[in-house]
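So the structure is just underneath, and the comments pick up after that.
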Amino acid sequence: MNNSTPDIRTLLAVRNYDLSATLAGGQAFRWRQQAGAWEGVIGRRWVRLLTEESGILAETAEPQAEWSWLEEYLQARLELESVLGTFPDDEPMRASVVACRGLRLLRQDPWECLASFILSSTKQIVQIQQIIGLLCARYGSPVRVPAGHEPAWAFPTAEQLAAAPEEGLRACKMGFRAPNLLATARRIANGELPLEELRAVSLDEALARLLELPGVGVKIAHCVLLFAYGFPQAFPVDVWVSKALRQLYFPKHRPSTARLRRFVASHFGPHAGYAQQYLFHYMRTRRP
DNA sequence: CACCAGGGTACCT
DNA sequence: AGGTACCATGGT
């Protein structure tokens, strides 16, 4: 995959990759299905992705000398089967694996991931997508798109949001989340918490640092630890995963949140975060 | 019109 | 340590 000649297209040789479940399943919020393909923005690049028999066909608006940024984002080199093989051999996980064929974990930009999940609290995924769409159009920098295509924007930087008035953020429909996003953007922009440095520390240390931010609790912090930093043991427990754990593993009791946390830490293995995403998607897509 | 949504926080007991 | 109200807004 080392193209020496810059091209706007490449083929990622990856199979068993469900773009829909992965891009629109509550990890990232900027992907739209357009004529059978998935269109979004990664960093400052507009991208279109299409599933083919031999892999994923990717197209950008400008020629790319190399595609490692895309392989990293999609985690295209990950051997999915070796991850699924570490899941506990119980009925809920077997059902989840069957229901979530080709579901992957992305590797996102920490700031975009952090800001996005601050906006996610008690919102449905479609609403989070709407809020972030408004936010990007209002405060993000435009990115190059194919000729005749509708405009697209990069996710606003922490500096761009730190300079925004709270009323401007509220105009993006984020309601009470606006002061939290603004305060966190200012702390990131002025260097109080260097997000890049968290790549080099332990999960517990990164967790403690993220929890210092306004609007960031245990759940949102674990989302960033899993979806951006790739800590395999990060395990966000939202209303869906909580429901999955209680219904599927503790149907008779009513375990406390502390009890649940001890359970997930010991039960789901070295790729617990992956197992969590399978439970989440399974609960959200199965018929009630 | 209720009830819920990939929660966090302050404030209670 | 464990409950509860409240935050703003749109989907179902």
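Lettering follows sequence order; numbering is per chain, from 1.
At most 12 non-hydrogen atoms from other residues, nucleotides or ligands lie less than 6.0 angstrom from CD of A:Glu79.
Ranking B:dG6, B:dA5, C:dG2 by closeness to the A:Pro236 side chain, first place goes to B:dG6.
Between A:Val237 and A:Gly215, it is A:Val237 whose nearest contact on DNA chain B lies nearer the 5' terminus. Take the nearest nucleotide of DNA chain B for A:Pro214 and for A:Gly26: the residue whose nucleotide is more 5' is A:Gly26.
Counting all heavy atoms, side chain and backbone alike, A:Leu245 lies closest to A:Phe263 at CD2-CE2, 4.3 Å.
As rounded to whole Å, 17 Å separates atom C1' of C:dA1 from atom CZ of A:Arg254. Distance A:Ile132 CD1 to B:dA5 P: 19 Å, rounded to the nearest Å. Counting to the nearest Å, the P atom of B:dG8 and the CG atom of A:Leu114 are 12 Å from each other. Between the CG atom of A:Leu211 and the C1' atom of B:dG7 there is a distance of 13 Å, given to the nearest Å. We find that CE of A:Met283 is positioned 15 Å from P of B:dC4, with the value rounded to whole Å. Atom P of nucleotide B:dG7 and atom NE2 of A:His222 are separated by 15 Å, given to the nearest angstrom. Put simply, CZ on A:Phe117 is 11 Å from P on B:dG8, counting in whole angstrom units. Rounded to whole angstrom, the span from the CG atom of A:Asp238 across to the P atom of B:dC4 amounts to 15 Å.
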Inset, instruction - Dot-bracket for DNA chain C, please, read 5' to 3', with Watson-Crick or G-U wobble pairs under 3.5 Å on both distances, ( ) within the strand, [ ] crossing, | other strand, . unpaired. - result: |||||||.||||

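Taking 4.0 Å as the cut-off between side-chain N and carboxylate O, A:Glu39 and A:Arg32 do not count as a salt-bridged pair. Salt bridge absent: A:Glu62 and A:Arg45 never bring a charged side-chain N and a carboxylate O closer than 4.0 Å.
Here A:Phe227 lies in heavy-atom contact (under 4.0 Å) with a base. Residue contacts shown for A:Gln277 include a base, since a base heavy atom lies under 4.0 Å away. Residue A:Ile131 is classed as having no contact, given no heavy-atom separation below 4.0 Å to the nucleic acid.
Just one of A:Leu57, A:Leu19, A:Thr22 meets the side chain to side chain contact (heavy atoms under 4.5 Å, CB included) condition when paired with A:Leu49; it is A:Leu19.
Nucleotides B:dG6 and C:dG2 have their C1' atoms positioned 23 Å apart, rounded to a whole Å.
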Inset, instruction - Let me have a per-nucleotide readout for nucleotides 6-12 of chain C, 5' to 3', with B, S or -, counting only protein heavy atoms under 4.0 Å. - result: -BBBBS-

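Taking the six-membered ring where the residue is Trp, the centroids of A:Phe87 and A:Phe268 are separated by 6.0 Å or more. Centroid-to-centroid, the aromatic rings of A:Tyr139 and A:Phe155 stay 6.0 Å apart or farther.
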Inset, instruction - Given ring pair (Phe, Tyr, Trp, His ring centres under 6.0 Å), test A:His281 with A:Trp240 step by step and report yes or no. - result: CA-CA 9 Å; A:His281 195 259; A:Trp240 289 99; over 10 Å; no

Legend entry - Evaluation steps, side-chain contact (heavy atoms from CB on, under 4.5 Å), between A:Leu198 and A:Arg209: CA-CA 8 Å; A:Leu198 298 189; A:Arg209 296 304 305 273; 4.0 Å; yes

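The aromatic rings of A:Tyr73 and A:Trp31 are tilted relative to each other, their planes meeting at an angle between 30° and 60°.
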